[in-house]
Amino acid sequence: APSFTELMAAVSDAALGNLLFDLRTKLANNATQVRDVEQLIRIKEREIRKCELTNTNLKKVEEETAASKETAKIYKGIGNVYVQTELKDVVKENDGKVESLKEDISALKKKEAYWRKQLRESENNLAEIQRAGQSFVVQKESGKS
């Protein structure tokens with residue numbers, strides 16, 4: 001079986017250039033995918049934090065109004081309109097949103113792991129081709145003398 005160096009000798013410079021270009025393009029694409037997924041995870045984590053803070057504040061309002069035996073008036077924005085809503089319904093809705101966001105983050109973390117693996121493979125492939133190309137050039141030059 002031919003060695004990698006012998007295979008490199010058989011590959012034309014144009015084909016090698018195309019291969020390197022394709023590997024670099026794939027590397028850049030994989031890096032972009034990793035950054036995009038990381039950004040989506042951060043956005044969803046901020047949304048979770050926002051829902052949790054809202055629920056914390058709503059529970060404080062509930063405790064304060066329970067002590068005074070009044071009912072808190074909570075208004076929820078729907079488009080350009082605000083509708084009076086039960087406090088417990090808003091809390092329940094936020095809890096549901098948090099669970100949904102956590103599921104989304106879990107799926108995104110799997111995607112992130114996939115793209116990180118692809119990125120590592122692209123980096124390794126590119127490094128291997130570059131090392132092989134350098135050793136091939138050195139062998140080719142030493143064979144000329």
Side-chain angles (χ1 to χ4, degrees), residues 1-140:
S3 70
F4 191 75
T5 306
E6 291 169 337
L7 288 174
M8 290 294 293
V11 175
S12 70
D13 288 341
L16 184 58
N18 287 339
L19 178 64
L20 287 172
F21 177 78
D22 290 344
L23 285 173
R24 287 184 181 123
T25 302
K26 187 175 180 180
L27 181 70
N29 179 50
N30 292 341
T32 300
Q33 292 293 337
V34 168
R35 280 192 308 275
D36 290 349
V37 171
E38 286 173 340
Q39 183 177 9
L40 286 172
I41 289 171
R42 282 192 302 273
I43 289 169
K44 298 216 181 262
E45 287 172 342
R46 276 194 302 268
E47 188 66 26
I48 286 173
R49 185 74 183 130
K50 181 178 149 189
C51 287
E52 289 172 342
L53 288 171
T54 300
N55 279 354
T56 300
N57 288 332
L58 288 174
K59 287 174 184 172
K60 285 180 186 175
V61 168
E62 186 176 41
E63 290 169 5
E64 290 169 2
T65 56
S68 65
K69 297 184 181 179
E70 294 179 15
T71 57
K73 293 183 180 179
I74 303 295
Y75 293 90
K76 177 180 168 186
I78 301 175
N80 293 333
V81 179
Y82 289 93
V83 179
Q84 188 171 353
T85 309
E86 291 288 321
L87 188 132
K88 65 181 185 231
D89 292 339
V90 175
V91 171
K92 187 190 301 183
E93 183 179 317
N94 280 342
D95 287 341
K97 192 184 288 187
V98 166
E99 288 307 311
S100 174
L101 289 166
K102 285 180 179 179
E103 290 171 8
D104 292 349
I105 288 173
S106 176
L108 285 169
K109 286 191 185 257
K110 290 176 185 172
K111 255 187 186 176
E112 181 184 22
Y114 169 79
W115 285 114
R116 283 193 183 283
K117 180 182 176 195
Q118 294 297 315
L119 180 62
R120 274 191 310 277
E121 287 177 7
S122 295
E123 290 170 341
N124 292 340
N125 289 342
L126 186 59
E128 185 178 327
I129 293 290
Q130 288 174 334
R131 277 192 307 273
Q134 289 171 351
S135 67
F136 174 70
V137 168
V138 168
Q139 286 180 356
K140 195 172 178 182

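For the single chain, residues carry numbers from 1 onward in sequence order. The figures here come from the full heavy-atom set of this structure, side chains too, leaving out hydrogens, waters and symmetry mates.
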> Would S122 and N30 count as a side chain to side chain donor-acceptor pair (under 3.5 Å) if you check the C-alpha gap in whole Å, the side-chain angles of each, and the deciding distance to 0.1 Å?
Replying inline: CA-CA 8 Å; S122 295; N30 292 341; 2.8 Å; yes
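- A31 and L119 get closest at one heavy-atom pair: N-CD1, 3.8 Å.
- Proximity of a side-chain donor or acceptor of S106 to a complementary backbone N or O of K102 within less than 3.5 Å is not detected.
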> Can you check side-chain contact (heavy atoms from CB on, under 4.5 Å) on T32 and R35, steps first, answer last?
Replying inline: CA-CA 5 Å; T32 300; R35 280 192 308 275; 3.3 Å; yes
> Between E45 and R49, is a salt bridge (Lys or Arg N to Asp or Glu O under 4.0 Å) present by the stated rule, with each step listed?
Replying inline: CA-CA 6 Å; E45 287 172 342; R49 185 74 183 130; over 6 Å; no
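- Residues Q39 and I43 have side chains in contact (heavy-atom distance under 4.5 Å, counting atoms from C-beta outward).
- Using a 4.0 Å cut-off between charged side-chain N and carboxylate O, K97 and E93 make no salt bridge.
- Here the straight-line distance linking atom NZ of K26 with atom CG of N125 works out to 7.0 Å at 0.5 Å rounding.
- Taking every heavy atom of both residues into account, L108 and V37 meet most closely at O-CG1, 3.3 Å.
- Distance CD/E121 to CD/Q118: 5.0 Å, rounded to 0.5 Å.
- The line from CG of L58 to CG of L87 is 5.0 Å long, rounded to the nearest 0.5 Å.
- Residues E52 and N55 are not in side-chain contact: their nearest non-hydrogen atoms beyond the backbone lie 4.5 Å or more apart.
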>> Test side-chain contact (heavy atoms from CB on, under 4.5 Å) on E38 and V34; report intermediate values, then the result.
In response: CA-CA 6 Å; E38 286 173 340; V34 168; 3.7 Å; yes
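- For the atom pair CZ (R24) and CG (L27), the distance works out to 9.5 Å, reported to the nearest 0.5 Å.
- Atoms CH2 and CG, on W115 and N29 in that order, are 5.5 Å from each other to the nearest 0.5 Å.
- Between the side chain of T25 and the main chain of F21, a donor-acceptor pair closer than 3.5 Å is present.
- How far CD of E47 is from CG of L101: 6.0 Å, rounded to the nearest 0.5 Å.
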